[in-house]
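What you see is a predicted model, and the numbers here were worked out from it, not measured in a lab. Every number for a ligand or one of its atoms is a count from 1 in the order of the listing.
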Amino acid sequence: MVRLNGHFSVLSDLCDRLEEIADRLPDKVNRQDALHVARSVSPTVRRAHDFEETVLFPLLKSRFATDAAIGEALNDLRFEHWEDEMFAEELAEGLVGFIGGLEPRNPEALGYMLRGFFGGMRRHITFEKAHIVPLVQQIEGGGHA
Ligand SMILES: [Fe+2]
């Protein structure tokens with residue numbers, strides 16, 4: 001559970017940094033920060049997903065094997081992970097292109113992309129906190145997060 005919360009907070013921090021970039025577009029973006037975020041977005045997202053998909057979800061799937069709704073929810077979450085990973089790569093490219101001043105330099109499209117990404121990511125985290133965390137707590141015997 002500690003590890004899960006760690007991943008949630010890393011992803012939430014990433015969302016905050018992306019939101020800050022979106023808010024600063026087009027001229028107040030810190031290029032150094034934006035470049036760092038562009039480089040770290042995909043690996044950060046993948047690390048969090050890997051933990052859920054290789055450790056957490058298999059555990060939940062076996063513990064709640066008879067509950068079809070949980071199985072479906074986990075499949076949906078896995079699909080969202082895949083979508084977010086694709087999206088993260090596009091976003092990194094968009095950021096690098098913007099910072100590098102490549103044409104077409106389209107801050108509106110980049111802002112839209114950023115907001116779409118961190119908005120979806122925050123909804124995903126909210127869903128997992130509401131629906132996945134209680135299952136983990138059940139397994140851990142109602143212990144604290
Ligand atoms: Fe997830």
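- Annotation: R115, atom CZ; neighbour count of heavy atoms from other residues, nucleotides and ligands within 6.0 Å is above 12.
- Using a cut-off of 2.8 Å, one finds that H81 contributes an N/O/S atom close to the Fe ion (ligand 1).
- Screening residues 85-101 for salt bridge (charged side-chain N to carboxylate O under 4.0 Å, His left out), with sequence neighbours left out, gives R46-E85, R46-E89.
- When you scan the N, O or S atoms of E52 for the one nearest the Fe ion (ligand 1), you land on OE1.
- Checked against the 6.0 Å centroid threshold, H124 and H81 count as a close aromatic pair.
- Contacts classified as salt bridge (charged side-chain N to carboxylate O under 4.0 Å, His left out) and involving residues 116-127 (residues at least two apart or in different chains) are given here: D16-R122, E19-R122.
- In summary, no N, O or S atom of E80 is located under 2.8 Å from the Fe ion (ligand 1).
- For E128, the N, O or S atom with the smallest separation from the Fe ion (ligand 1) is OE2.
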